[in-house]
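Per chain, numbering begins at 1; letters A, B, ... match sequence-line order.
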Protein chains: 2
Amino acid sequence: MTRSIGAIAQQTGLPPDTLRYYEKIGLLRKVARDPGGRRRYDDADLSRLRFIQRAQRCNFSLGEIRELLELRDRPGPPRSEAQRLTERKLAEMAQQLADLNRLHGELQLLLNLCRGGEEGCPIIEGFEAGDVERPAR
Amino acid sequence: MTRSIGAIAQQTGLPPDTLRYYEKIGLLRKVARDPGGRRRYDDADLSRLRFIQRAQRCNFSLGEIRELLELRDRPGPPRSEAQRLTERKLAEMAQQLADLNRLHGELQLLLNLCRGGEEGCPIIEGFEAGDVERPAR
DNA sequence: TTACGACCTGGAGTCAGCTCAAGGTCAAGG
DNA sequence: CCTTGACCTTGAGCTGACTCCAGGTCGTAA
């Protein structure tokens, strides 16, 4: 059973333009066509799209997702490669979390000072004075 | 005391192109020129640039920083506006933190499964099966 | 037959935040 | 006088992930 681009757009929530875009950049390799040249998506395509959507929700970029899809396509257990990618992504996210956490704390501090009354504006002054530290980057 | 664009680039770590860019988009309003037309940065410019850099490290976009700078420029305590901006940013960051945390947990789970031996690849399969949840977004 | 809606293509535009390239000017040093 | 190096301007290019547009085609229905 195959579906038109419109039907797939409905099912996935991805606009037709995005579906064509995914195909163009090779995430979806050549989708089958009907005699009139319109795209017909089969179950494998749908499954691939679902995969893309889930991986994207886990903060993988389209480039990384392409790598994962290649692993998925290759026969045999891809295991270690996928692990490597995931470990890298986890490390990245841990770093982001740490940075974000620290910044959040600093900003919260500034805001609390600000609410504490007194003169001036600790937020503005904080950025002027430099008591806000730089990230590890 | 004023400095050339090269000197300011040294002091701030921002490349000359970026300094000219900041001026172009109005973060730095017209920088003074010498008789030959070259930019001369004064202490106020430097302080402004430091402000920009610190706010940027706190995840404010250049657009938001422009708002903060306008507040800073206006006489009188800007307080409540800066508070509002900061509260919004804090809320945004809290949301990002929550999302990132959840994703990190899910990915870690997948990776642990993966290291546990057995058949197949839980990472790949996780994205296929859909046990990874969607963000609140 | 004609209209309509869904689809097709290629290519351009969007956002942020730079970054670079080409071609011109200017001041100081040898 | 000539070269070098820092600077100037305008305008284009980059990344990622779309998003939109114009103009053309296809299939079905009235």
Side-chain angles (χ1 to χ4, degrees), chain A residues 2-28 30-42 45 48-49 51-69 85 88-89 92-93 96 135 137, chain B residues 2-28 30-42 45 48-49 51-69 85 89 92-93 96 99 135 137:
Chain A
T2 69
R3 306 148 194 84
S4 69
I5 198 170
I8 277 282
Q10 287 276 12
Q11 269 184 54
T12 59
L14 296 167
D17 273 347
T18 299
L19 294 168
R20 286 188 277 258
Y21 169 71
Y22 283 174
E23 189 178 345
K24 190 162 65 184
I25 64 170
L27 276 186
L28 225 55
K30 304 274 168 199
V31 172
R33 303 301 178 108
D34 71 9
R38 281 108 191 272
R39 289 171 178 81
R40 303 300 312 183
Y41 294 84
D42 62 18
D45 294 321
R48 219 171 159 81
L49 284 167
F51 187 99
I52 293 169
Q53 290 184 289
R54 290 198 188 94
Q56 217 175 6
R57 280 198 294 262
C58 278
N59 270 19
F60 283 93
S61 69
L62 295 186
E64 289 165 333
I65 294 171
R66 185 171 18 231
E67 292 184 63
L68 286 174
L69 283 167
L85 269 163
R88 207 179 59 197
K89 180 54 71 180
E92 244 173 57
M93 289 169 84
Q96 276 177 44
R137 258 241 68 191
Chain B
T2 69
R3 306 147 194 85
S4 69
I5 198 169
I8 276 282
Q10 287 276 11
Q11 270 185 54
T12 59
L14 295 167
D17 273 346
T18 299
L19 294 168
R20 287 188 276 257
Y21 170 71
Y22 283 174
E23 189 179 346
K24 190 165 65 184
I25 64 170
L27 275 186
L28 224 57
K30 305 273 167 200
V31 172
R33 304 301 178 108
D34 71 8
R38 282 107 192 272
R39 290 172 178 79
R40 302 302 310 183
Y41 294 83
D42 61 18
D45 294 320
R48 218 171 160 80
L49 283 167
F51 187 99
I52 293 168
Q53 291 184 289
R54 291 197 189 95
Q56 218 175 6
R57 280 199 293 263
C58 278
N59 270 17
F60 284 92
S61 70
L62 295 186
E64 290 165 332
I65 293 171
R66 186 173 16 232
E67 292 185 62
L68 287 174
L69 283 168
L85 269 163
K89 180 55 69 181
E92 243 173 58
M93 289 170 84
Q96 277 177 45
D99 285 355
R137 258 243 66 185

Next on the checklist: Does this structure show an ion pair linking B/Asp45 with B/Arg48, if we count only N-O contacts that are shorter than 4.0 Å?
Outcome noted: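 Salt bridge between B/Asp45 and B/Arg48, a charged N being under 4.0 Å from a carboxylate O: no.
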What is the distance, rounded to the nearest whole Å, between atom [atom1] of [X] and atom [atom2] of [N]?
X	N	atom1	atom2	result
B/Arg39	C/dA27	CZ	P	16 Å
B/Arg40	C/dA27	CZ	P	13 Å
A/Gln10	C/dA6	CD	P	10 Å
A/Ile25	D/dT15	CD1	P	14 Å
B/Glu23	C/dG17	CD	P	18 Å
B/Lys30	D/dC8	NZ	C1'	14 Å
B/Leu19	C/dT19	CG	C1'	13 Å
B/Ile8	D/dC7	CD1	C1'	15 Å

Next on the checklist: For a quick check, with a 4.0 angstrom heavy-atom cut-off, what is the B/S/- contact string for nucleotides 17-29 of chain D, read 5' to 3'?
Outcome noted: BBBB----BBS--
Between atom [atom1] of [X] and atom [atom2] of [Y], what is the distance when rounded to the nearest 0.5 Å?
X	Y	atom1	atom2	value
A/Ile65	A/Gln53	CD1	CD	10.0 Å
A/Tyr21	A/Lys24	OH	NZ	8.0 Å
B/Thr18	B/Ile5	OG1	CD1	9.5 Å
A/Met93	B/Asp99	CE	CG	9.5 Å

Next on the checklist: Among residues at least two apart in sequence or on other chains, which ones pass salt bridge (Lys or Arg N to Asp or Glu O under 4.0 Å) with A/Glu23?
Outcome noted: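 Checked A/Glu23 against salt bridge (Lys or Arg N to Asp or Glu O under 4.0 Å); matches are A/Arg33, A/Arg39.
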Checklist entry - Does a sphere of radius 6.0 Å around CD in B/Gln11 hold more than 12 heavy atoms from other residues, nucleotides or ligands, not counting ones at 6.0 Å or beyond? => result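 Counting neighbours around CD of B/Gln11, more than 12 heavy atoms of other residues, nucleotides or ligands fall under 6.0 Å, so yes.
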Checklist entry - Within the structure shown, what part of the strands sits under 4.0 Å from A/Arg33 by heavy-atom distance: base, sugar-phosphate, or nothing? => result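 The residue A/Arg33 makes sugar-phosphate contact but no base contact.
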Next on the checklist: Side-chain N or O of A/Ser4 versus OP1/OP2 of C/dC7: is the shortest distance under 4.0 Å?
Outcome noted: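 For C/dC7, OP1/OP2 do have a side-chain N/O of A/Ser4 under 4.0 Å.
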Next on the checklist: With a cut-off of less than 4.0 Å, is there a side-chain N or O of B/Arg20 near OP1 or OP2 of D/dT9?
Outcome noted: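 Checking D/dT9 against B/Arg20, no side-chain N or O comes under 4.0 Å of OP1 or OP2.
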